[in-house]
Amino acid sequence: MTTPSCPCGLSEPYEKCCGRFHAGTASAPTAEALMRSRYSAFVRVDAGYLLRTWHPRTRPERLDLDPAMRWTGLEILGTSDGSAFHSTGTVTFRASYHGGSLHERSRFERVDGAWVYVDGEFLA
């Protein structure tokens with residue numbers, strides 16, 4: 001029996017990919033890795049992880065996720081900065097769900113050495 005690949009679209013099993021970030025045993029090394037792990041958190045309805053990886057300046061008090069939402073895929077369209085050598089970065093992506101898609105350019109910053117989501121701009 002084969003282990004299913006991670007919801008983020010990479011071929012690694014969830015536990016070796018985004019699962020270790022969700023469990024807190026590792027931190028996302030790049031803005032793109034954080035973006036992928038946040039997408040996987042939406043798929044898995046993990047509001048706690050989403051809030052933990054949200055910049056304190058822009059983080060909402062709470063996050064109510066719809067468990068009926070069915071995410072169907074993530075496509076990374078572009079990245080700017082966001083590596084181990086940067087303090088900021090952007091990731092442009094398209095996240096598909098049953099009935100449509102979300103196209104966004106997300107901004108990320110490092111806080112105490114860890115990548116966090118700042119905000120995003122919806123694109124047409």
Side-chain angles (χ1 to χ4, degrees):
M1 182 167 85
T2 60
T3 304
S5 60
C6 189
C8 80
L10 297 179
S11 60
E12 288 286 328
Y14 168 75
E15 292 75 20
K16 291 184 178 180
C17 193
C18 294
R20 60 200 173 108
F21 305 142
H22 294 172
T25 59
S27 296
T30 65
E32 180 181 335
L34 182 66
M35 166 58 237
R36 288 181 177 280
S37 71
R38 287 177 56 83
Y39 170 82
S40 291
F42 275 103
V43 170
R44 298 177 66 88
V45 195
D46 186 348
Y49 180 78
L50 293 166
L51 290 170
R52 283 193 311 278
T53 57
W54 210 308
H55 196 292
R57 185 178 69 236
T58 57
R59 179 175 46 226
E61 293 255 336
R62 54 183 282 183
L63 192 59
D64 295 320
L65 301 178
D66 180 358
M69 181 71 146
R70 294 294 172 245
W71 295 97
T72 58
L74 176 66
E75 181 183 5
I76 301 296
L77 303 173
T79 61
S80 174
D81 297 337
S83 78
F85 303 105
H86 300 107
S87 59
T88 63
T90 62
V91 178
T92 304
F93 68 92
R94 180 172 293 110
S96 301
Y97 56 87
H98 187 43
S101 68
L102 170 75
H103 188 192
E104 182 178 311
R105 181 178 303 114
S106 294
R107 292 186 322 127
F108 298 88
E109 289 180 12
R110 283 187 186 269
V111 173
D112 297 329
W115 285 107
V116 292
Y117 170 79
V118 177
D119 58 20
E121 170 190 0
F122 293 115
L123 305 170

Asker: Got a sec, which residues hit side chain to side chain donor-acceptor pair (under 3.5 Å) with E104, two or more places apart in sequence or on another chain?
Answerer: S106, Y117
Asker: Going by side chain to side chain donor-acceptor pair (under 3.5 Å), name the residues that satisfy it together with T30, two or more places apart in sequence or in a different chain.
Answerer: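 Side chain to side chain donor-acceptor pair (under 3.5 Å) check on T30 returns nothing, list empty.
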Asker: For the side chain of H22 and the backbone of S37, is there at least one donor-acceptor N/O pair under 3.5 Å apart?
Answerer: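 Pair found, side chain donor or acceptor close to backbone of S37.
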Asker: Any side-chain heavy atom of C18 sitting closer than 4.5 Å to one from P7?
Answerer: no
Asker: How far apart are the closest heavy atoms of S11 and S5, and which atoms are they?
Answerer: O-CB, 3.7 Å
Asker: With ILVMFWY side chains joined below 4.5 Å, transitively, what does V111's cluster contain besides itself?
Answerer: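 Once heavy-atom contacts under 4.5 Å are chained together, V111 belongs with V116.
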Asker: Nearest 0.5 angstrom please: F21 CZ to S27 OG, how far?
Answerer: 8.0 Å
Asker: Determine the minimum heavy-atom distance between P67 and L65, stating which atoms define it.
Answerer: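 Taking P67 first and L65 second, the nearest heavy atoms are CD-O, 3.2 Å.
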Asker: Do any N or O atoms from the side chain of H103 and from the backbone of A124 form a donor-acceptor pair under 3.5 angstrom?
Answerer: yes
Asker: Check salt bridge (Lys or Arg N to Asp or Glu O under 4.0 Å) between E109 and all other residues, then give those that pass, not counting sequence neighbours.
Answerer: R57
Asker: Do Y97 and L63 land in one hydrophobic cluster if side-chain heavy atoms of ILVMFWY residues count as linked below 4.5 Å?
Answerer: yes
Asker: Could you pull out all residues at least two apart from E12 that satisfy salt bridge (Lys or Arg N to Asp or Glu O under 4.0 Å)?
Answerer: none
Asker: Hey, quick one: are L74 and L10 part of the same hydrophobic cluster, counting side-chain heavy atoms closer than 4.5 Å, chains of contacts allowed?
Answerer: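 No: no chain of side-chain contacts under 4.5 Å links L74 to L10.
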Asker: Kindly work out whether a path of hydrophobic side-chain contacts (I/L/V/M/F/W/Y, heavy atoms less than 4.5 Å apart) joins L51 to M35.
Answerer: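 Hydrophobic grouping puts L51 with M35.
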Asker: Just to verify, what does A31 make a side-chain contact (heavy atoms from CB on, under 4.5 Å) with, not counting sequence neighbours?
Answerer: V91, F108, W115
Asker: In residues 75-89, what donor-acceptor pairs under 3.5 Å come from side-chain atoms, sequence neighbours left out?
Answerer:
unit_1, atom_1, unit_2, atom_2, d
D81, OD1, H86, NE2, 3.3
S83, OG, F85, N, 3.1
S83, OG, H86, ND1, 2.9
H86, ND1, G82, N, 3.3
H86, ND1, S83, N, 3.1

Asker: Keeping to residues at least two apart or across chains, list the salt bridge (charged side-chain N to carboxylate O under 4.0 Å, His left out) pairs with something in residues 33-56.
Answerer: E32-R36
Asker: Under the salt bridge (Lys or Arg N to Asp or Glu O under 4.0 Å) rule, collect the residues that match up with D64, sequence neighbours excluded.
Answerer: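 Salt bridge (Lys or Arg N to Asp or Glu O under 4.0 Å) list for D64, sorted by chain: R62.
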Asker: If the condition is side-chain contact (heavy atoms from CB on, under 4.5 Å), which residues does D112 pass it with, not counting sequence neighbours?
Answerer: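 Residues passing side-chain contact (heavy atoms from CB on, under 4.5 Å) with D112: none at all.
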Asker: For the side chain of Y49 and the backbone of F42, is there at least one donor-acceptor N/O pair under 3.5 Å apart?
Answerer: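 Between the backbone of F42 and the side chain of Y49 there is no qualifying donor-acceptor contact (under 3.5 Å).
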Asker: If we ignore hydrogens and angles and just use 3.5 Å, is the side chain of T25 paired with the main-chain N or O of R20 as donor and acceptor?
Answerer: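 Side chain of T25 to backbone of R20, a donor-acceptor pair under 3.5 Å: yes, one is there.
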Asker: For T58, enumerate each residue passing the side-chain contact (heavy atoms from CB on, under 4.5 Å) test, keeping only those at least two apart in sequence or located in another chain.
Answerer: W54, H55, V118
Asker: Find out if a path of hydrophobic residues (ILVMFWY) with successive side-chain heavy-atom gaps under 4.5 Å connects F93 to V43.
Answerer: yes
Asker: Working to the nearest 0.5 angstrom, can you tell me the gap between W71 CH2 and C8 SG?
Answerer: 14.5 Å
Asker: Under the side chain to side chain donor-acceptor pair (under 3.5 Å) test, which residues partner R59, sequence neighbours left out?
Answerer: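 None.
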